Amino acid sequence: MKIRRDVEQEKNELNMTSMIDIVFLLLVFFVMTFKIVEMEGDFSINMPLAGSGSSSDDLELPLKLRLRADGEGKLTSISLDSINLGTDYDKLRGQIIEVIRNDGPDSDVSERKIEVDTDYNLRYEYVIRAITAVNGYRDENDQVVPLISNITFAKPRR
Amino acid sequence: MKVKSKKPDLAEGDLTPMIDMTFQLIAFFMVLINFTQTESNDRVKLPNSQLVKPPSEPEEFPIVLHVAADGEIILSGDTYTVETLSTGLRGEKSVMVTRDVELPDVKVIIRGHKNVAAGQVQDIIKACQDEKFEKFALRAKEDRS
């Protein structure tokens with residue numbers, strides 16, 4: 001008796017194993033090297049070489065921002081042109097706004113300079129906070145209102 | 001007459017959704033991967049600032065100095081102190097000269113750890129000035145809180 005075999009449809013099945021292996025290797029590589037990118041930005045610091053500044057720019061004396069630190073590098077006082085502001089950055093910002101207001105509407109804010117004079121051991125983050133306070137602020141609409149952007153450092157105190 | 005098939009039954013799972021998901025994950029990580037390793041360093045934790053914004057276009061000729069909490073400076077993968085930094089800066093200067101870049105156009109980006117002494121950052125600026133660099137930028141992390 002003749003038995004007819006069912007006509008089996010030939011299936012062309014690809015071997016997926018090697019592809020899945022590579023895909024998983026790629027996935028592991030990307031997961032291991034993944035690092036969340038933090039948004040960073042810069043504060044420009046104006047430090048011209050000695051003798052290279054133009055005389056007309058130097059007519060206006062810069063504001064003097066003095067930052068004092070304790071033995072551990074913590075901020076103990078902020079003073080702007082010898083006005084003591086405690087350790088309050090908002091007061092510092094308010095004082096800067098006051099200075100710019102007193103300059104009058106015709107004055108150019110970009111010509112205003114500030115010299116940051118810090119104790120040697122003051123932690124850098126306090127300096128950045130002070131620079132942030134003098135550099136500007138964000139208004140109610142989250143727009144940056146620029147204040148003084150011409151920032152220099154005094155000679156380091158040892 | 002019943003003829004038994006000799007083929008064993010293979011339980012084949014459908015791999016399609018898994019492969020779809022895996023490719024999507026790969027695409028996600030590929031898009032987000034950051035290859036700019038030179039712009040970051042594990043030893044540096046930047047201070048926060050509410051005002052800084054990522055620059056709209058990257059600096060053309062930057063020199064990035066990473067300053068660790070202990071004051072060590074990392075420049076192009078090599079470690080320096082304030083005293084030895086001039087050696088590294090001279091190396092960078094020679095690279096800039098071969099590219100016909102004027103030194104005043106070069107911006108020195110200082111990525112200082114938030115706990116480093118501010119005086120050390122000032123010393124680094126002084127060391128750069130001694131090598132005729134004039135443009136500086138202090139880098140901070142954007143704080144949107």
Side-chain angles (χ1 to χ4, degrees), chain A residues 1 3-6 8 13 16 19-20 23-24 26-27 29-31 33-50 52 67 69 73 116 118-133 135-138 142 144 146 151 153-158, chain B residues 1 3 5 12 15 18-19 22-23 25-26 28-30 32-36 39-40 46-55 59 67 69 104 107-123 125-126 128-130 132-144:
Chain A
M1 186 179 162
I3 302 167
R4 267 198 168 179
R5 298 181 74 184
D6 289 340
E8 286 182 12
E13 282 190 8
M16 304 287 271
M19 191 197 73
I20 295 171
V23 165
F24 272 109
L26 278 171
L27 186 62
F29 167 76
F30 284 118
V31 170
T33 53
F34 183 65
K35 199 177 171 185
I36 295 169
V37 182
E38 289 172 335
M39 291 297 159
E40 298 177 0
D42 296 330
F43 287 112
S44 288
I45 299 295
N46 184 20
M47 297 291 282
L49 301 176
S52 65
L67 304 170
V116 183
T118 82
D119 279 350
Y120 192 87
N121 64 334
L122 180 70
R123 286 188 207 162
Y124 181 58
E125 64 176 321
Y126 294 110
V127 179
I128 292 294
R129 273 191 229 170
I131 290 174
T132 304
N135 200 254
Y137 60 94
R138 285 185 185 273
D142 206 32
V144 174
I151 300 163
F153 278 110
K155 281 186 179 174
R157 290 169 179 263
R158 280 278 182 186
Chain B
M1 188 180 163
V3 180
S5 169
E12 284 186 9
L15 293 175
M18 190 196 72
I19 295 170
T22 315
F23 272 114
L25 281 170
I26 287 179
F28 170 77
F29 284 114
M30 275 179 80
L32 289 187
I33 197 166
N34 179 21
F35 284 110
T36 55
E39 289 267 314
S40 65
L46 291 177
N48 293 338
S49 173
Q50 292 179 333
L51 285 186
V52 290
K53 276 183 180 173
E59 284 293 328
V67 189
K107 191 177 240 184
V108 180
I109 297 170
I110 298 173
R111 295 183 81 255
H113 191 284
K114 62 180 188 176
N115 288 338
V116 73
Q120 282 180 316
V121 175
Q122 286 178 281
D123 283 343
I125 291 173
K126 177 78 175 59
C128 294
Q129 281 184 307
D130 291 344
K132 311 287 180 223
F133 291 104
E134 289 182 38
K135 283 167 84 178
F136 298 92
L138 303 180
R139 188 150 284 187
K141 196 169 70 184
E142 190 183 25
D143 181 13
R144 305 291 291 176

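Predicted model, so just to flag it, every value in this text is computed and none were measured. Residue numbers begin at 1 in each chain, while the letters A, B, ... track the order of the sequences. What's counted below: heavy atoms across the whole structure, side chains too, no hydrogens, waters or symmetry copies.
- Between the CE atom of A:Met16 and the CG atom of B:Leu15 there is a distance of 6.5 Å, given to the nearest 0.5 Å.
- Between atom OH of residue A:Tyr120 and atom CD of residue B:Gln122 there is a gap of 8.5 Å, rounded to the nearest 0.5 Å.
- Within the 4.5 angstrom heavy-atom criterion, only side-chain atoms of A:Val127, from C-beta onward, approach chain B.
- With rounding to the nearest 0.5 Å, the separation of CD in B:Gln120 from CG in A:Asn121 is 10.0 Å.
- Comparing B:Val52, B:Leu51, B:Asn115 by how many heavy-atom pairs each has under 4.5 Å with chain A, the most go to B:Leu51.
- Proximity to chain B is absent for every atom of A:Leu67, based on heavy atoms less than 4.5 angstrom apart.
- Using a 4.5 Å heavy-atom threshold, the side chains of A:Arg123 and B:Pro47 count as separate.
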Stepwise side-chain contact (heavy atoms from CB on, under 4.5 Å) test for B:His113 and A:Tyr124: CA-CA 7 Å; B:His113 191 284; A:Tyr124 181 58; over 6 Å; no

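- The residue among A:Val116, A:Asn135, A:Thr132 with the most heavy atom pairs within less than 4.5 Å of chain B is A:Thr132.
- The candidate with the highest count of non-hydrogen atom pairs below 4.5 Å against chain A, out of B:Asp143, B:Val121, B:Val67, is B:Val121.
- Heavy atoms of B:Ile19 lying under 4.5 Å from chain A belong exclusively to its side chain.
- Here the CZ-CG distance, from B:Phe23 to A:Leu26, works out to 8.5 Å after rounding to the nearest 0.5 Å.
- Most heavy-atom pairs under 4.5 Å with chain B, from the set A:Pro146, A:Ala69, A:Pro156: that is A:Pro156.
- Atom-to-atom distance recorded for A:Met39:CE and B:Lys141:NZ is 12.5 Å, nearest 0.5 angstrom.
- Within a 6.0 Å sphere centred on NZ of B:Lys126, heavy atoms belonging to other residues, nucleotides or ligands number 12 at most.
- When heavy atoms are compared at a cutoff of 4.5 Å, A:Ala154 approaches chain B solely by way of its backbone atoms N, CA, C and O.
- Residue A:Ile128 touches chain B through its side chain alone, counting heavy-atom pairs closer than 4.5 Å.
- In this pair, A:Phe34 and B:Phe29 present their aromatic rings perpendicular. The plane angle is above 60°, beyond the 30 to 60° band.
- Listed by chain and number, the residues in a ring-ring contact (aromatic ring centres under 6.0 Å, His included) with A:Phe43 amount to none (sequence neighbours excluded).
- Contacts of B:Leu138 with chain A are made by both backbone and side-chain atoms, with heavy-atom separations under 4.5 Å.
- The contact between B:Leu25 and chain A is made by backbone and side chain atoms together, counting heavy-atom distances below 4.5 Å.
- A:Tyr137 touches chain B through its backbone: at least one of N, CA, C or O sits under 4.5 Å from a heavy atom, while the side chain does not.
- Put simply, of B:Asp130, B:Asp123, B:Thr22, the one with the most heavy-atom pairs under 4.5 Å next to chain A is B:Asp123.
- For the atom pair CD1 of A:Ile45 and CD1 of B:Ile109, the computed distance is 12.5 Å after rounding to the nearest 0.5 Å.
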